[in-house]
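Along the sequence shown, residues are numbered consecutively beginning with 1.
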Amino acid sequence: MDSESNHQHDVVSSQSLVDETIVRTLTTLSLPTLPFDLIPEILSRLSVKLLLRFRLVHTLTVSSDKYVLKSYPLDSVFTNVTTNPISELQFPLNVYFVGSCNGILCFFEEDCHKGFVRFQLWNPSIRKFKELLPLQQPHTHYLFLYGFSHDPITNNYKMVVVLRGHGNFVDNHEVKVHTLGTNCWKSIQNIPFGCVALQISGKFVSGTLNWLVAKEYDNKIQIFSLDLGSETYKEVLLPREVDASTLHSQLHSQLGVLRDCLCMVFGYDVWVMKEYKNKESWSKLFTISHIPDLPTYYGIIKVLHIFEDGQVLLDSTNGYTWKLIFYNSRDGTYKFTEFEFRCEVCVESLISPCF
């Protein structure tokens, strides 16, 4: 028994020694003695938290008349919200979430009196914040669609906004794109068909932004995408089994991203497109069974994350409050978490939004 205990202690000590050796090696003047092609390999195996020990952290000072956004480790939902947040940031009360890409979170704030929309970027891992060039919004238009994404062609980030005029004209809208590091919003070609937004925030997959809409002329639901490199539009075909023509399909559909693949919740069926833009690659992962404890006035269920053991993190809302649920896709069991506010899942990264 003593021999086994000593062996376990030796294993733990050895691992700790390895970690400390890596940190000591990377923080001493002997760094150039390492083969340079080996350094990226070593860094890629370290966590963001450990890598942050080599960075200088800046804290953002804000006023007190704002609400607080908190960033928690994903595993904290297994316990409770008393876990210390990784990072916090305060925003005005009229700021809304756009989406996240590669660890950078995007928010927007409308200033209707001055006719501007302001977008802010925040990486909670490195506590970096940036406000983008304001977008002028005519009083005759409103925010119709938007999305934040990465352009793999230029290796840069883009903010896409669709402004639509009040009225039912097909061409009564403008598409604006801002590239980080530039000082302008440029116009690109308009969406080639009239539609009604079912989900205004685009989902980033494989160099594209994807929106769920209903066509104006027949009300059928459709996914259309904007390629960030070519800045062109294409339709992403739905699964064959999905009836896109019913009112039920409009009220109970939601786009998402699971494991870097486009995901769609249709009713209580969860679909994933394993190969982007290949209609035949749609696969139904599971069907969400009835959750008796979820009030009937809670609407669309969104899939936030799927774990390796089949546990799924679900989010349901009535528009004012949120329910975060652990759902076991293998046996249909579920458990409510103590989080009762809007949650989003994003990756950790060292990418700065301050281009």
| task | Give a yes or no answer on whether the side chain of Lys158 reaches the backbone of Val177 with a donor-acceptor pair at less than 3.5 Å. | result | no
| task | State, yes or no, whether a side-chain contact exists between His173 and Leu163 at a heavy-atom distance under 4.5 Å. | result | no
| query | Hey, quick one: are Val347 and Ile351 part of the same hydrophobic cluster, counting side-chain heavy atoms closer than 4.5 Å, chains of contacts allowed? | reply | no
| query | Is the closest side-chain heavy-atom distance between Phe286 and Lys284 below 4.5 Å? | reply | no
| Can you find a heavy atom in the side chain of Trp185 that is under 4.5 Å from one in the side chain of Met159? | yes
| Leu258 to Cys263 - nearest heavy-atom pair and separation | CD1-SG, 3.7 Å
| said: Would a single hydrophobic cluster contain both Ile153 and Val160, if residues Ile, Leu, Val, Met, Phe, Trp and Tyr are joined by side-chain heavy-atom contacts under 4.5 Å? | reply: no
| task | May I ask you to check whether over 12 heavy atoms, not counting those of Asp309, lie within 6.0 Å of atom CG? | result | yes
| query | Can you check side-chain contact (heavy atoms from CB on, under 4.5 Å) on Ser187 and Lys176, steps first, answer last? | reply | CA-CA 5 Å; Ser187 297; Lys176 300 288 188 179; 2.7 Å; yes
| query | Is the closest basic N to carboxylate O distance between Glu231 and Lys186 below 4.0 Å? | reply | yes
| query | Does the gap between the ring centers of Phe119 and Phe107 come in under 6.0 Å? | reply | no
| message | Are the side chains of Pro124 and Leu105 in contact, using a 4.5 Å heavy-atom criterion? | response | yes
| said: Is the shortest side-chain heavy-atom distance between Asn328 and Lys335 below 4.5 Å? | reply: no
| request: Hey, could you give me the CG/CG distance between Leu132 and Leu121, rounded to the nearest 0.5 Å? | output: 4.5 Å
| Do you know the tightest heavy-atom contact between Lys128 and Ser352? | CG-OG, 4.1 Å
| message | Under 4.0 Å between a side-chain nitrogen and a carboxylate oxygen: does that hold for Arg164 and Glu216? | response | yes
| query | Does a side chain donor of either Ser316 or Lys302 reach within less than 3.5 Å of an acceptor in the other side chain? | reply | no
| Heavy-atom check, side chain of Leu314 versus side chain of Ile288, under 4.5 Å | yes
| query | Are side-chain N/O atoms of Thr208 and Ser206 paired as donor and acceptor at under 3.5 Å? | reply | no
| query | With the 4.5 Å side-chain cut-off for hydrophobic clustering, are Val196 and Leu145 part of the same group? | reply | no
| message | Run Thr333 and Tyr327 through side-chain hydrogen bond (donor to acceptor under 3.5 Å, both in side chains) and show every step you take. | response | CA-CA 6 Å; Thr333 57; Tyr327 180 79; over 6 Å; no
| said: Checking Phe204 now: which residues fulfil ring-ring contact (aromatic ring centres under 6.0 Å, His included) with it, not counting sequence neighbours? | reply: none
| task | Give a yes or no on this: more than 12 heavy atoms of other residues, nucleotides or ligands lie within 6.0 Å of atom CD of Gln136. | result | no
| query | So, His178 side chain and Cys184 main chain: donor-acceptor pair closer than 3.5 Å or not? | reply | yes
| Residues Glu280 and Arg240 bridged, charged N to O under 4.0 Å | yes
| remark: Heavy-atom nearest pair, Lys274 first then Ser283, reads CE-CB, 3.8 Å
| Asn156 (side chain) donor-acceptor with Leu180 (main chain) under 3.5 angstrom | yes
| field | Side-chain donor or acceptor of Asn123 paired with backbone N/O of Ser349 under 3.5 Å | value | yes
| remark: Rounded to the nearest 0.5 Å, the CZ atom of Phe148 sits from the CZ atom of Phe97 at a distance of 10.5 Å
| message | Measuring from atom CD of Glu131 to atom CG of Leu133, what distance do you get when rounded to the nearest 0.5 angstrom? | response | 9.5 Å
| query | What distance do Ile306 atom CD1 and Leu313 atom CG have between them, rounded to the nearest 0.5 Å? | reply | 11.0 Å
| Roughly how far apart are Ile325 CD1 and Tyr334 OH, rounded to 0.5 Å? | 9.0 Å
| task | Considering non-hydrogen atoms only, spot the tightest contact between Met264 and Ile221 and give its length. | result | CE-CD1, 3.8 Å
| field | Tyr276-Ser281 side chain donor-acceptor pair, cut-off 3.5 Å | value | no
| request: Heavy atoms only: give me the nearest Val242-Trp271 pair and the separation to one decimal. | output: CG2-NE1, 4.2 Å
| message | By the definition side chain to side chain contact (heavy atoms under 4.5 Å, CB included), identify the one residue from Val236, Val213, Leu237 that meets it with Ile223. | response | Val236
| query | Mind checking whether Tyr96 and Ile200 sit in one hydrophobic cluster, side chains of I, L, V, M, F, W, Y counted as touching below 4.5 Å? | reply | yes
| said: Apply ring pair (Phe, Tyr, Trp, His ring centres under 6.0 Å) to residues Phe224 and Trp211 and explain how you reach the verdict. | reply: CA-CA 6 Å; Phe224 83 90; Trp211 288 275; 5.3 Å; yes
| field | Criterion side-chain contact (heavy atoms from CB on, under 4.5 Å) on Asp111 and Val117, from CA distance to verdict | value | CA-CA 6 Å; Asp111 190 335; Val117 183; over 6 Å; no
| task | Mind running side-chain contact (heavy atoms from CB on, under 4.5 Å) on Ser201 and Tyr146 for me, showing each step along the way? | result | CA-CA 5 Å; Ser201 183; Tyr146 46 71; 3.7 Å; yes
| note | Between Cys354 and Phe129, the two heavy atoms sitting closest are SG-O, 3.6 Å
| request: Using modelled atom types only, decide if a donor and an acceptor are shared between the side chain of Ser225 and the backbone of Leu209 within a distance under 3.5 Å. | output: no
| Taking atom CG of Asp269 and atom OG1 of Thr287, what is their separation to the nearest 0.5 Å? | 4.0 Å
| message | Less than 4.5 Å apart, side chain to side chain, heavy atoms only: is that true for Leu143 and Glu110? | response | yes
| Counting N and O atoms only, with roles assigned by atom type, does the side chain of Gln120 sit under 3.5 Å from a partner on the main chain of Cys106, one being a donor and the other an acceptor? | no
| task | Say whether Phe108 and Phe116 are linked into one hydrophobic cluster, either directly or through other cluster members, by side-chain heavy-atom distances under 4.5 angstrom. | result | no
| Between Asp227 and Lys234, is there a side-chain N and carboxylate O pair less than 4.0 Å apart? | no
| message | Evaluate Asp315 against Val303 for side-chain contact (heavy atoms from CB on, under 4.5 Å), listing each step before the verdict. | response | CA-CA 6 Å; Asp315 182 32; Val303 180; over 6 Å; no
